[in-house]
Protein chains: 2
Amino acid sequence: MEARRTRAKPGDGARLREEILRNAERLLVETGSEDALTLRAVAQRTRVTTPSVYLHFSGKEALIEAVCLRVWDELGDRVREAVGRVTDPIIALGEFGRAYVHFALDHPVQYRLLMMRPSASAEASKACFEHMVNAVTACVENGVLKGNPDTVALTMWTAVHGCAALLITQPALPWPDDVNEIIDATVRMVGFGAALNTHLPRRRVPRSAELLDGVTVAAERLKALGSKKK
Amino acid sequence: MEARRTRAKPGDGARLREEILRNAERLLVETGSEDALTLRAVAQRTRVTTPSVYLHFSGKEALIEAVCLRVWDELGDRVREAVGRVTDPIIALGEFGRAYVHFALDHPVQYRLLMMRPSASAEASKACFEHMVNAVTACVENGVLKGNPDTVALTMWTAVHGCAALLITQPALPWPDDVNEIIDATVRMVGFGAALNTHLPRRRVPRSAELLDGVTVAAERLKALGSKKK
DNA sequence: ACCGTCAACTTAACGCCGTCAACATAGCGG
DNA sequence: CCGCTATGTTGACGGCGTTAAGTTGACGGT
């Protein structure tokens with residue numbers, strides 16, 4: 001086994017930490033499974049002996065955690081950028097959802113690690129969640145949504161997360177040929193649904209006939225508004 | 001190590017299979033983590049040596065798969081029962097969602113195994129998905145929903161799954177004290193959203209002002225219908 | 001110029017895991 | 001009564017995460 005060439009100078013051992021982190025994510029993406037993410041494999045790829053990993057991470061779990069943190073940051077950047085491109089709050093919320101799902105589909109292994117591990121990192125996910133709350137808050141101030149922004153954002157996030165998660169973990173379902181169909185349908189459903197849901201009284205769910213009547217009216221009204229403005 | 005008392009008679013070796021399966025799920029629930037689901041631990045609890053598991057399961061993965069299949073069946077029973085209790089199709093769809101999420105929350109470890117493993121069982125999930133398609137088809141025939149039942153059901157399932165998944169894997173988020181608030185909000189959002197989404201033209205997402213106008217009209221109409229009938 | 005100190009790694013080993021090949025044994029059909 | 005098959009067991013292998021103890025190289029104080 002060819003040993004690592006140069007040893008780090010005192011004080012910059014963190015260089016190895018970065019290298020390990022990078023190799024861990026590469027290994028994860030290449031193999032497509034976290035079972036293949038072995039401390040030994042990561043160490044070998046970094047041309048270091050296995051216990052050296054313990055100099056920078058307290059164990060395997062901590063290494064995975066660190067990889068996840070990095071992905072959270074990227075996700076946050078991506079959705080912030082998407083939201084920033086538009087001014088209309090409800091459109092921004094839609095862009096948020098689209099960017100979110102697309103990021104998840106672009107990094108399926110990382111996303112599964114992020115959201116589906118037994119104990120995922122709490123603080124980082126909260127930070128990302130804040131972005132969604134902000135987008136929702138803008139809608140509430142605008143008047144298009146009502147209610148507690150936290151709760152509304154949670155409800156909308158669950159839907160978007162479910163879309164990404166199911167697309168990743170259940171590819172055998174009868175998805176349409178173009179994934180964007182489902183993403184768009186989800187985004188619209190969330191938008192319409194949250195709008196109606198926040199403005200409607202909380203008491204009861206309308207029966208089919210009532211819902212259909214109400215929807216028909218809303219649909220005609222929305223259609224008229226849409227063609228009038230365009 | 002005290003050996004297993006009696007050995008199974010020829011022809012009913014499947015008894016051990018059942019016992020192993022039961023102990024595997026028990027172990028899973030007790031420890032709360034699939035990492036603790038060890039072939040050795042399962043074998044010991046069944047009072048059998050480890051390689052005996054290989055007589056009934058081709059390996060660890062197959063054992064987990066078998067546990068999952070059993071859970072799928074229970075989930076299918078639960079939602080079928082929930083849907084069968086009501087006649088109104090849109091109410092039935094809501095009951096489907098409620099029962100689905102509650103089942104997931106009642107069996108968090110199993111649900112995570114079911115939906116979040118790298119390679120989840122495809123056929124079983126399809127069978128469960130059929131139930132949802134049936135519920136949606138009833139709504140389409142009723143006229144309250146439009147479009148391809150497969151696609152509509154997928155969109156709605158993603159939202160319900162996301163609700164369950166996020167509740168299970170991200171307990172640190174600012175959930176309301178009563179989980180039913182989120183479940184109800186999700187169910188209503190899905191109902192309203194899917195109804196609006198299937199009846200509206202596919203072209204574009206309305207801007208905030210248009211959406212708000214349409215929603216306001218729909219809300220008043222729905223509210224009137226609700227109080228009139230009740 | 002030397003030397004101790006300390007960060008940065010390596011060597012060696014432990015116990016647990018999934019898996020497999022080889023061996024043992026009980027009961028039933030002939 | 002005998003042999004065959006279903007039903008297990010014994011023993012072992014390699015790989016894993018983790019830990020304790022040893023090694024090495026650079027730097028600061030004297």
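- Atom NE2 in A:H56 sits roughly 7 Å away from atom P in C:dA8 (whole-Å rounding).
- Within the structure, a side-chain polar atom (N or O) of A:S52 is placed less than 4.0 Å from OP1 or OP2 of C:dT10.
- In this structure, A:L39 atom CG and C:dT10 atom C1' are separated by 16 Å, rounded to whole Å.
- A salt bridge links B:R85 to B:E81: at least one charged side-chain nitrogen sits closer than 4.0 Å to a carboxylate oxygen.
- As a whole-Å value, the separation of A:F57 CZ from D:dT18 P is 13 Å.
- Across the protein-nucleic acid pair, A:Y54 atom OH and C:dT11 atom P stand 17 Å apart, rounded to whole Å.
- In this structure, A:R17 atom CZ and C:dC9 atom C1' are separated by 17 Å, rounded to whole Å.
- Taking the six-membered ring where the residue is Trp, A:W157 and A:Y100 present perpendicular rings, their angle passing 60° and hence far from 30°.
- Across all strands, A:T38 comes closer than 4.0 Å only to sugar-phosphate atoms, never to a base (heavy-atom distances).
- For the pair B:E65 and B:R70, the salt-bridge criterion is not met [side-chain N within less than 4.0 Å of a carboxylate O].
- As a whole-Å value, the separation of A:Q44 CD from C:dT11 C1' is 17 Å.
- For C:dG27, its base never sits under 3.5 Å from the side chain of B:R7 at any donor and acceptor pair.
- When the side-chain nitrogen and oxygen atoms of A:T49 are compared with OP1 and OP2 of C:dT10, one or more of them lie within a distance under 4.0 Å.
- Residue A:D35 is out of contact with every strand shown, counting any heavy-atom pair closer than 4.0 Å.
- Using a 4.0 Å heavy-atom criterion, one finds that B:L55 contacts the bases of the nucleic acid, with or without backbone contacts as well.
- Taking the six-membered ring wherever Trp is involved, the centroid distance between the rings of A:Y111 and A:H161 falls below 6.0 Å.
- Checked by distance alone, B:R40 brings a side-chain donor or acceptor within 3.5 Å of a matching partner on the base of C:dG18.
- For B:S52 (side chain) and B:V48 (main-chain N/O), no donor-acceptor pair under 3.5 Å exists by modelled atom type.
- Taking atom CG of residue A:L37 and atom P of nucleotide D:dG15, one finds them 18 Å apart after rounding to whole Å.
- Summary of the strand contacts: A:P10 and B:T50 both lie near DNA chain C, and taking for each the nucleotide with the nearest heavy atom, the more 5' one is attributed to A:P10.
- Rounding to whole angstrom units, NZ of residue B:K60 and P of C:dC17 are separated by 9 Å.
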